[in-house]
Amino acid sequence: MRLTQRIVVVGGGVLGTMHAVMARRRGYEVVHLEREGEARGASVRNFGLVWVSGRRAGAELGLALRARELWEELGGAVPGLGFRAAGSLTVATDDVELRVLKEAAGLPDADRRGFELLDPRGVREVNPALRGELAGGLLCRRDAIVEPRHALPALRGYLAGQGYEWLPGREVTEIAPNAVRDHTGAWHQCDLVILCPGAAFTGVAGQYQRYLARDGVRRVRLQMMQTAPLAERLTTAVADGDSLRYYPAYDLPGRSALPPQPRVAERIRAQLLLVQRADGALTIGDTHEYAEPFAFDVDEDAYDHLRARAEALLGTPVPRVQRRWAGVYSEVVPENPQIAGHVLYHRSEVEPGVVLVTGPGGRGMTCAPAIADETFR
Ligand SMILES: Cc1cc2nc3c(=O)[nH]c(=O)nc-3n(C[C@H](O)[C@H](O)[C@H](O)COP(=O)(O)OP(=O)(O)OC[C@H]3O[C@@H](n4cnc5c(N)ncnc54)[C@H](O)[C@@H]3O)c2cc1C
């Protein structure tokens with residue numbers, strides 16, 4: 001049997017990059033191709049939340065916790081990741097939301113998540129910037145933050161040197177046994193190909209649609225914004241009560257008592273997530289669009305809603321918005337009745353020696369190191 005020595009990783013997002021990291025840890029040579037000059041997909045457009053709090057009990061929580069350990073370990077070796085064990089506060093503004101938080105704090109795995117229910121005073125002791133009207137909050141000590149705009153170049157800097165070659169601006173157009181060809185016509189020989197194309201379901205990944213269809217992989221588009229720096233530090237990441245509607249950990253009896261969201265929020269499927277960047281800016285999102293073709297423009301109603309929610313929790317206007325963007329991720333359809341068991345992401349050997357990994361959805365930044373590690377186990 002031929003031993004794997006040289007791996008080609010296709011895709012410079014967090015999944016591809018973490019596969020490069022885990023392959024190098026095992027001593028493989030890595031050639032890493034990315035079609036853009038720098039990763040421009042979901043991995044640089046996200047909040048940088050290493051989010052344990054909302055994960056489904058069982059395998060999903062286990063994967064997120066394992067990934068968080070790996071992020072922390074990498075954070076120690078690669079300061080450019082900006083890893084911060086900041087924790088998060090999910091904030092209730094009324095008794096109905098508070099009931100869900102109380103139920104979550106009583107979950108059998110609440111300790112593993114580092115959950116603690118806080119009254120409004122307790123919330124402000126942990127995060128004094130939250131001066132709005134609150135009914136309480138759920139502290140999650142295990143949640144963490146990395147800097148998505150810096151993390152990938154930082155990881156590549158860590159890998160740089162013997163055994164790792166980064167080739168940006170190369171779109172892989174053909175896959176043959178033990179080699180891939182990029183759009184310049186150059187062939188890259190290898191023993192194993194790891195294909196991490198993110199939400200690019202056409203091009204070279206298009207020929208493997210039937211594998212993606214098996215796990216019902218779909219695409220989701222989100223809107224985001226970032227403000228100018230806020231003078232004050234936010235000590236934790238922050239989520240509002242609408243996030244209780246979306247994360248599986250909060251599928252608890254009290255959730256059914258949540259009233260419908262305001263019309264705009266329901267239309268755009270909004271939840272507020274708020275993360276302060278290392279430079280003080282606030283990343284604010286998000287929305288969820290499932291029907292393709294996606295809008296090519298951004299919707300200002302969504303931003304009005306999210307800004308108002310953020311200002312209500314902070315009790316003060318947010319600084320001027322400096323950046324707006326949308327991002328698309330791929331996800332295995334949650335709880336697809338066609339699929340036995342709950343699949344957390346898609347991995348398949350689409351040809352001998354060619355492994356396709358995608359579809360982690362809104363948990364991809366969190367789980368990428370553990371997913372990559374699993375690929376090599
Ligand atoms: C707005 C937003 C917010 C999010 N927030 C969070 C969060 O806070 N926490 C969390 O855990 N997750 C979050 N997610 C999800 C997470 O960002 C994604 O699951 C994750 O980034 C997916 O990584 P990826 O490497 O698979 O995809 P991508 O980042 O899209 O990378 C795929 C790369 O492959 C390249 N590529 C594709 N085809 C080829 C080819 N043929 N040849 C060469 N290169 C190719 C693309 O150019 C791209 O750079 C968020 C997602 C979005 C969109």
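Starting from 1, each residue takes its place in the sequence as its number. Both ligands and their constituent atoms are indexed starting at 1 by order of listing.
Proximity annotation for atom 46 (C) of ligand 1: of Arg219, His288, Glu34, His183, Glu34 comes nearest, heavy atoms only. In the candidate list Pro197, Ala42, Gly13, Ala42 is nearest to atom 30 (O) of ligand 1, counting heavy atoms. For atom 3 (C) of ligand 1, the nearest non-hydrogen atom from the set Ile145, Val357, Asn46 comes from Asn46.
Heavy atoms of Glu331 found under 4.0 angstrom from ligand 1: none, in either backbone or side chain.
Contact annotation: Val204 has at least one heavy atom less than 4.0 Å from an atom of ligand 1. For the ligand labelled ligand 1, residue Gly285 lies outside the 4.0 Å heavy-atom shell. The shortest heavy-atom distance from Val10 to ligand 1 is under 4.0 Å.
In this structure, atom 16 (C) of ligand 1 lies nearest to the protein heavy atom Met365 N, 3.6 Å.
Below 4.0 Å from some heavy atom of Gly48 lie the following atoms of ligand 1, by number and element: 8 (O). Atoms of ligand 1 found under 4.0 Å from any heavy atom of Arg45, numbered from 1 in the order shown, are 1 (C), 2 (C).
In this structure, a donor-acceptor pair under 3.5 Å is present between the side chains of His346 and Ser348. Side-chain atoms of Arg210 and Tyr208 form no donor-acceptor pair, as typed in the model, at a separation below 3.5 Å. A donor-acceptor pair shorter than 3.5 Å cannot be found between the side chains of Glu331 and Tyr290. Side chains of Gln223 and Asp286: no donor on one and acceptor on the other come within 3.5 Å. Looking only at atom types and distance, the side chain of Glu29 has no donor-acceptor partner in the side chain of Tyr164 under 3.5 Å away.
At least one N/O-N/O distance between Gly361 and ligand 1 falls below 3.5 Å. Where the criterion is an N or O separation shorter than 3.5 Å, residue side chain and backbone included, Glu36 fails it with respect to ligand 1.
In this structure, the side chains of Met225 and Thr283 stay at 4.5 Å or more apart for every pair of heavy atoms.
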